[in-house]
Amino acid sequence: MSGSKSNSGLGASASSGHAQGQHSHAHSSHEDCGHHHEPMPARGSRRASAPTGEVLVSGRGMTMSRGGRNILDHVDIDIAAGEIVTLIGPNGAGKTSLVRVLLGLEPPDAGTVTRSPGLVVGYVPQRFERDAAIPMTVQRFLTLGARAPRDRLQHCLEEVGAGGIADRQLAQLSGGELQRVVLARALVREPKLLVLDEPARGVDHLGEADLYALIGRLRDERGLGVLLVSHDLHVVMAQSDRVLCINRHVCCHGVPETVAQHPEYVRLFGDAARAFGIYQHHHDHAHGLGGEPLPPIAAGGGDKSHA
Amino acid sequence: MLEPFLVRALIAAVGVGLVAAPLGCLVVWRRMSYFGATIAHGGLLGVALGLALEIDLTLGVVVVALIIGGLLVGLGRQRIVPADSLLGILSHAALAGGIVAASRLAGQRLDLMGYLFGDVLAVSNSDLAWLGVGGALVLGVIAALWRTLVAVAVHEELAQAEGLHVARAEAALVVLLALTVAIAMKIVGVLLIVAFLVMPAAAARPFASTPEAMAAIAAVIGGVGAALGLWLSMSADVPGGPAIVLVLSAASLCAIAWSARKGGG
């Protein structure tokens, strides 16, 4: 689980560096899954090409089954410094399992996970269950992941928009406040890789926009690598450099489309809508009961995920 | 002036109260009170083993407590029998085994009531020495591992993802419980040890805002409660261990009731 990889081309993984055009006919000719793209000008904050940062964590052929069910089926993934990789897929698609394997919380049945040596990871789990039996101020909670002086803790809290709550009890926070505090705990560690499992869950829409803006800033200013998990197939950060759609196997991957102009989102979020992207995704192939992809109806297409 | 046996009793009771309380906080946070009771029940088996093998009784207790702790962790990996049922099986097996072994092997050399409920007034100088060394060891290990132990108690997965050694913390807790059982058994008895772990922690909870404060307050409550209980035992001429446990239970129930009235905070 150690050993560094050189950063030669990061495109190494099948899951990165897709040209947009590749999918332009995806809906009619694809062997896996296609997506709609409305041609969009590249946004300033998003790189058109794959980032060239050091690969922080890399999984190859990760396969896992539990109770006779395939949860992960030969999944490849790379996350490099300075890029935001969004993992999407329906419920039960194995997103959280993939994250757990990448974090080293569970070993894969097959395949390898390589992390760059000394990698500091900040992790925001999907659900954070508080335990009122443990007295815990927000400030003390922040230092559970790493020691830091009080002003740094305060800075991290302000960064996530939770400046005034350092002395409150964890058990008394609202769901949204708790989410921010858990993120702040990750930031106190000064991570190189930030892993967020459905971070928008439990925060309101305004908070969600702030959250995505913060993640984009962290990537831009500190060069963090970010792995973001979302079960929402439609909403993906505009700042995502790459999107990986999995349903036990890698369905498809590539550069996401933004929705700054999408009327639905502009109406819902106003200015905040600019922080959002949409990634329309139509599953064109069925999955069997065990989750295995069924043979495509039409052959051909350019998706490399099963190459 | 206090009689020497009373001084020894006071030192022993207060010492156990102080040492057990911080560990007790971890036991409460990790919902391990029944786990602790099961390990404690193994203590009697350990005494019988020590007598049979003619080794130091405290050593026998530590060994048996560790074996039971290992069994609990190992068997706990299966999912078919729930953890609390497994504890129910092992805890009573240990207790029954201990009583059977004690009656077979030890005959009249063993003061069964003393080991079950403790005999604080019969504490010897060598018991005190064990308490001093063992207690310092327990507190030292807790202090050294405190950050990890707390982080794991708060959120195991997050702690592991942040690179802390969860399995090591788990093992350390088992060893600490075994050591605490060994040093506290003669003083408070295998059936009452868990009270020294859980009650001061529960009594401290409503008054603490951080894990460290809770451990410190629990230690004070444990120590003061032990002294008060001993005084109660002397003045009312009742057994020491149970008297201390009554004082500690009164403290924890009052604290819980107070915090419930306040609204759960």
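All heavy atoms count here, side chains included; hydrogens, waters and symmetry mates do not. Protein chains get the first letters and strands the later ones, always in sequence-line order, with residue 1 at the start of each.
- Of the possible polar contacts, none joining the A:Arg147 side chain to the A:Leu144 backbone as a donor-acceptor pair under 3.5 Å is found.
- In terms of heavy-atom pairs under 4.5 angstrom with chain B, the leader among A:Thr137, A:Val124, A:Val120, A:Val121 is A:Thr137.
- Proximity to chain B (any heavy atom under 4.5 Å) is restricted, for A:Ala146, to the backbone atoms N, CA, C and O.
- Using a 4.5 Å heavy-atom threshold, the side chains of A:Leu183 and A:Leu211 count as touching.
- Chain A is approached within less than 4.5 Å, heavy atom to heavy atom, by B:Trp146, B:Arg147 from residues 136-149 of chain B, ordered by number.
- With a 4.5 Å cut-off on non-hydrogen atoms, A:Arg100 touches chain B through its side chain but not through its backbone.
- Under the salt bridge (charged side-chain N to carboxylate O under 4.0 Å, His left out) rule, A:Arg152 has a single partner from A:Glu158, A:Glu190, A:Glu159, which is A:Glu190.
- Aromatic ring pairs are classed by plane angle as parallel below 30°, tilted from 30° to 60° and perpendicular above 60°; the pair B:Trp258 and B:Phe207 is parallel.
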Does the side chain to side chain donor-acceptor pair (under 3.5 Å) test come out yes or no for A:Ser58 and A:Asp78, once each step is laid out?
CA-CA 4 Å; A:Ser58 158; A:Asp78 281 322; 2.9 Å; yes
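- A 4.5 Å side-chain heavy-atom check between A:Arg127 and B:Glu157 finds every atom pair outside the cut-off.
- No other option in B:Pro211, B:Ala213, B:Ala208, B:Ala202 has as many heavy-atom pairs under 4.5 Å with chain A as B:Pro211.
- Taking the six-membered ring where the residue is Trp, B:His92 and B:Tyr34 present perpendicular rings, their angle passing 60° and hence far from 30°.
- Both the backbone and the side chain of A:Phe128 come within less than 4.5 Å of a heavy atom of chain B.
- A heavy-atom distance below 4.5 Å is found between the side chains of B:Phe35 and B:Val174.
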